[in-house]
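Just follow the structure's listing: the first ligand is 1, and inside any ligand the first atom is 1. In what follows, every heavy atom counts, from backbone to side chain, and hydrogens, waters and symmetry copies are set aside. All of these numbers come straight from a predicted model, not from anything done at the bench.
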Amino acid sequence: MHGTVSDTDGDRAWVFGYGSLIYKVDFPILDRAEARIDGWARRFWQGSHDHRGTPESPGRVLTLVRSPGTRCRGVAYRVSHEVFDHLDHREKNGYARYRLPMEMLDHEVSTTEGVIYVAEEGNPAWLGPAPIDEMARHIATSEGPSGPNADYLHRLADALRERDEVDEHVFELDRRVRALRGESA
Ligand code: SIN
């Protein structure tokens, strides 16, 4: 891992969201910025027992993998320390906190460090890579307490399109899952 396992510094910290944290902000924020990190790519390789699937039938959600040369666009939120209790609970299914440098795209601070939640290979909910059609079928048919797995994917794809951000891993799955569910993009 490039960063180090992190706690927050002082009573507030930046958090970088690359998945559901981009579009589902169910916590108080002090500030926010469009942001990106270098050398990481999104992958639907993490199982979800608690949000988009169940322990018997886990869904597929995002983690980040090392990918030199890839830039991952997301959103940075400035939050107070207490918010990490909520985030740690929300991301408890295999994610750990790391600290990474991030580039701020529309903020007076141009670079800073942020906390990210990454699910690494070998965690108890890890699913790993699979053929794209298999991952699409899996996402199209999974559901958990937070709703259909497909909604997680489509909301993320929509959020990236709104930012003119191209992520072919996400967009290819988005197209295939919409086709499987008989929806148009
Ligand atoms: C994130 O959004 O930054 C973490 C992964 C997720 O909750 O989808």
Side-chain angles (χ1 to χ4, degrees), residues 1-3 5-6 8 13-29 31-54 58-67 70-79 83-105 112-121 123-129 135 138-139 142-163 165 167 169-171 173-174 177:
M1 194 79 199
H2 183 64
V5 177
S6 162
T8 55
W14 285 99
V15 181
F16 178 82
Y18 57 89
S20 69
L21 291 176
I22 294 182
Y23 61 79
K24 185 178 174 190
V25 186
D26 58 354
F27 48 90
I29 62 171
D31 197 359
R32 56 165 284 152
E34 294 294 315
R36 77 182 157 214
I37 55 174
D38 262 355
W40 296 89
R42 292 181 186 83
R43 289 291 178 266
F44 272 85
W45 291 358
Q46 175 65 4
S48 175
H49 300 177
D50 56 350
H51 286 298
R52 302 293 177 166
T54 62
R60 259 190 190 267
V61 292
L62 283 172
T63 187
L64 291 178
V65 297
R66 288 288 288 146
S67 176
T70 304
R71 289 166 149 192
C72 177
R73 175 77 179 264
V75 179
Y77 304 101
R78 188 86 168 141
V79 297
V83 168
F84 283 91
D85 292 341
H86 170 73
L87 292 176
D88 287 353
H89 181 75
R90 175 169 157 176
E91 306 293 330
K92 67 182 184 308
N93 197 196
Y95 294 83
R97 287 188 211 165
Y98 296 88
R99 181 182 291 277
L100 284 182
M102 55 187 192
E103 185 188 349
M104 312 287 254
L105 303 176
T112 186
E113 285 206 324
V115 173
I116 59 171
Y117 285 85
V118 175
E120 291 214 80
E121 182 170 1
N123 77 76
W126 177 257
L127 293 175
M135 286 198 284
H138 188 159
I139 292 170
S142 295
E143 176 146 16
S146 297
N149 203 168
D151 286 357
Y152 175 105
L153 168 66
H154 298 327
R155 290 186 71 184
L156 193 256
D158 289 344
L160 295 179
R161 280 190 283 265
E162 276 164 25
R163 292 167 168 81
E165 183 70 7
D167 185 325
H169 176 76
V170 173
F171 287 0
L173 283 169
D174 185 56
V177 170

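Salt-bridge check for Arg97 with Asp88: passed, with a basic side-chain N closer than 4.0 Å to an acidic carboxylate O. We find that Asp158 and Arg155 are not joined by a salt bridge, their nearest charged nitrogen and carboxylate oxygen being 4.0 Å or further apart.
Only the side chain of Glu91 comes within 4.0 Å of ligand 1, judged by heavy-atom distances.
Each of the following atoms of ligand 1 lies closer than 4.0 Å to a heavy atom of Gly17: 3 (O). Of all the atoms in ligand 1, the ones that sit under 4.0 Å from a non-hydrogen atom of Tyr152 are 6 (C), 8 (O). Atoms of ligand 1 found under 4.0 Å from any heavy atom of Gly19, numbered from 1 in the order shown, are 1 (C), 2 (O), 3 (O), 8 (O).
Considering backbone and side-chain atoms alike, Tyr95 places every N or O at 3.5 Å or more from each N or O of ligand 1.
Geometrically, Arg60 does not engage Tyr152 in a cation-pi contact defined by less than 6.0 Å to the ring centre and at most 45° from the axis.
For atom 3 (O) of ligand 1, the nearest non-hydrogen atom of the protein is Tyr18 N, 3.0 Å. Taking atom 6 (C) of ligand 1 as the reference point, the nearest protein heavy-atom neighbour is Ser20 OG, 3.4 Å.
Side-chain N/O atoms of Asn93 and Gln46 include no donor and acceptor closer than 3.5 Å.
Here the options are Val118, Val61, Asn123, the test is side-chain contact (heavy atoms from CB on, under 4.5 Å), and the partner is Tyr95; only Val61 passes.
Between His86 and Phe27, the ring planes are tilted. Angles from 30° to 60° get that label.
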